[in-house]
Q: 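Provided herewith is a single structure, encoded as structure tokens, for subsequent inquiry.
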Amino acid sequence: MIDQQAFLALLHLVQRLPATLPAADNSDSGVRANLTFDYGGHCSLLLNSGGWSNVPYVRCEASTRSVATCGANHTNSWQWAPQARQCGAARISSAQAQFLLQHKWIVMAGDSITRFMFAALLRLLAQDDEQKIVFGHQDFQYTLPGNVRASFIWAPYTVNVTSHIQKWASGDQYPDMIVVSTGLWHMLHIGSPEGFQSAVTQLKQQSESLVNKPGADVRMHFLSITEVYPAKLRSEEKRQALTLQRVDEYNQCIQDSHTLLPAGPFSLIDMHHLTQGCGLDCTHDGLHYSNTTYDAALQIWINSLQL
């Protein structure tokens, strides 16, 4: 574990972190827009501000709560920037998360990125070793401590998520919290930014119907599309379709659709910022990232629920 003196020195340096940091080098980047989301002055977005310190095994103590990831399982440390800490960002323990989420129904719907986010939720809350993510294109759910109902829905295309939200908006039962990640399958199998933006706009409209439903108190979050590292992608099909330029275009579609707060119903979890900052060593296949990355994203999500 990092000792207290070293951590305080790190904390002094991190006090100077901007809201977004320069991206890790991606040597295959070519010409790209290198999009960054506009966090503005909104705390729901500013919780994404910060960067990786490359300091392993930070102790899980009160003095290190400005670090989202700590402990022996984390070889890298996500440190919130001052802008995020001014919005109250601080690492949430398992007990705190259980209290905050008790008796809630959480749905994480989308592609494999959402599934790994769901795995981070299980790492934080699950006490049963049998409660693990199920790989493959299928749904699954668990009841977690605190009577938390946690559901994963395989919905790789935006239209799949929209159909579920439309059903909840017209029915009497709906989740308390919804986390969505779509775009990668559309990018890989369709490859039309215009079509993706149209689908996200339809998702926004149905989601507004749900959050504006009388008596509803639904919190919604959208994961931006992760960085890709072409040299590690495992097929020629992926290398052709999942380009850095296309990632920027699809993330631009999310921003241009006005789906995100304050114009839309979704808070942002900026997976692109997290994964681009973590860099090449954090991914084994150029697309999916280390557990630490998703644990940091989960901490951003839980913090946003307190706003």
Q: I want to know whether F118 and F140 have ring centres closer than 6.0 Å.
A: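 That pair passes the under 6.0 Å test.
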Q: Which atom names give the shortest non-hydrogen contact between W80 and L47, and what distance separates them?
A: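 Here W80 and L47 meet closest at NE1-O, 2.9 Å.
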Q: Enter the distance from R123:CZ to L298:CG here, rounded to the nearest 0.5 Å.
A: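 These two atoms lie 8.5 Å from each other.
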Q: Can you find a heavy atom in the side chain of L100 that is under 4.5 Å from one in the side chain of L305?
A: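 Yes, close enough: below the 4.5 Å cut-off.
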Q: Please round to the nearest 0.5 Å and tell me the distance separating atom NE2 of H186 and atom SG of C253.
A: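 Nearest 0.5 Å value for the NE2-SG distance: 9.0 Å.
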Q: Just checking, R149 and W105: is the charged tip under 6.0 Å from the six-membered ring centre and within 45° of the axis?
A: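 The answer is yes; both the distance and angle limits are met.
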Q: Looking at N73, I'd like to know if its CG atom is crowded, meaning that more than 12 non-hydrogen atoms belonging to other residues, nucleotides or ligands lie closer than 6.0 Å.
A: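 For N73, atom CG is not crowded (no more than 12 foreign heavy atoms under 6.0 Å).
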Q: For a salt bridge (Lys or Arg N to Asp or Glu O under 4.0 Å) check, start with the C-alpha distance between E227 and R32, then their side-chain angles and the critical distance, and finish with the verdict.
A: CA-CA 12 Å; E227 179 74 322; R32 67 183 300 193; 2.8 Å; yes
Q: How far apart are the closest heavy atoms of S257 and V200, and which atoms are they?
A: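 Closest heavy-atom pair between S257 and V200: OG-CG1, 3.3 Å.
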Q: Test ring pair (Phe, Tyr, Trp, His ring centres under 6.0 Å) on W78 and H273 and set out the steps.
A: CA-CA 11 Å; W78 172 264; H273 177 49; 5.5 Å; yes
Q: Given the rule in the side chain to side chain contact (heavy atoms under 4.5 Å, CB included) test, do S304 and H221 qualify, once you have shown the distances and angles that lead to the verdict?
A: CA-CA 9 Å; S304 74; H221 291 75; 2.6 Å; yes
Q: By the definition side-chain contact (heavy atoms from CB on, under 4.5 Å), identify the one residue from L121, L223, V180, I153 that meets it with M108.
A: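 The single option meeting the side-chain contact (heavy atoms from CB on, under 4.5 Å) with M108 is L121.
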Q: If every non-hydrogen atom of C87 is compared with every non-hydrogen atom of L307, which pair is closest and at what distance?
A: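 Taking every non-hydrogen atom into account, O-CD2, 3.8 Å.
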Q: Check the pair E249, E194 against side chain to side chain contact (heavy atoms under 4.5 Å, CB included), reporting the backbone distance first and the verdict last.
A: CA-CA 9 Å; E249 290 171 352; E194 296 80 8; over 6 Å; no
Q: Evaluate side chain to side chain contact (heavy atoms under 4.5 Å, CB included) for I225 paired with M187, printing each intermediate quantity in order.
A: CA-CA 10 Å; I225 295 170; M187 195 185 307; 4.0 Å; yes
Q: Would H288 and F116 satisfy ring pair (Phe, Tyr, Trp, His ring centres under 6.0 Å), going step by step from the backbone distance to the final call?
A: CA-CA 8 Å; H288 303 101; F116 281 113; 5.4 Å; yes
Q: Just checking, any donor-acceptor pair under 3.5 angstrom between side chains of S224 and N251?
A: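 On atom types as modelled, these side chains do not qualify, holding no pair under 3.5 Å.
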Q: Look at the side-chain heavy atoms of Ile, Leu, Val, Met, Phe, Trp and Tyr, link any pair under 4.5 Å apart, and say whether L261 and V211 land in one connected group.
A: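 No.
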Q: Check whether I92 and Y294 end up in the same hydrophobic cluster, where Ile, Leu, Val, Met, Phe, Trp and Tyr are linked by side-chain heavy atoms less than 4.5 Å apart.
A: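 I92 clusters together with Y294.
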Q: Please report the shortest heavy-atom distance between Q141 and S151, naming the atom on each side.
A: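 For Q141 and S151, the tightest heavy-atom pair comes out as OE1-OG, 2.5 Å.
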Q: Name the residue from Q79, R91, R85 that meets the side chain to side chain donor-acceptor pair (under 3.5 Å) definition with S66.
A: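 Single side chain to side chain donor-acceptor pair (under 3.5 Å) partner of S66 among Q79, R91, R85: Q79.
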Q: Might you work through the side chain to side chain contact (heavy atoms under 4.5 Å, CB included) test for W52 and L274, ending with a clear yes or no?
A: CA-CA 8 Å; W52 295 98; L274 281 166; 4.1 Å; yes
Q: Salt bridge check: are R219 and D176 linked by an N-O gap of less than 4.0 Å?
A: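 No.
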Q: Linking I/L/V/M/F/W/Y whenever their side-chain heavy atoms sit closer than 4.5 Å, directly or via other members, would V159 and F196 fall into one cluster?
A: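 In one cluster: yes.
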Q: Search all heavy atoms of T69 against all heavy atoms of N76 and return the closest pair with its distance.
A: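 What the structure gives for the nearest pair is OG1-O, 3.3 Å.
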Q: Is the number of heavy atoms from other residues, nucleotides or ligands within 6.0 Å of CD (Q138) greater than 12?
A: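 Check passes, neighbour count above 12.
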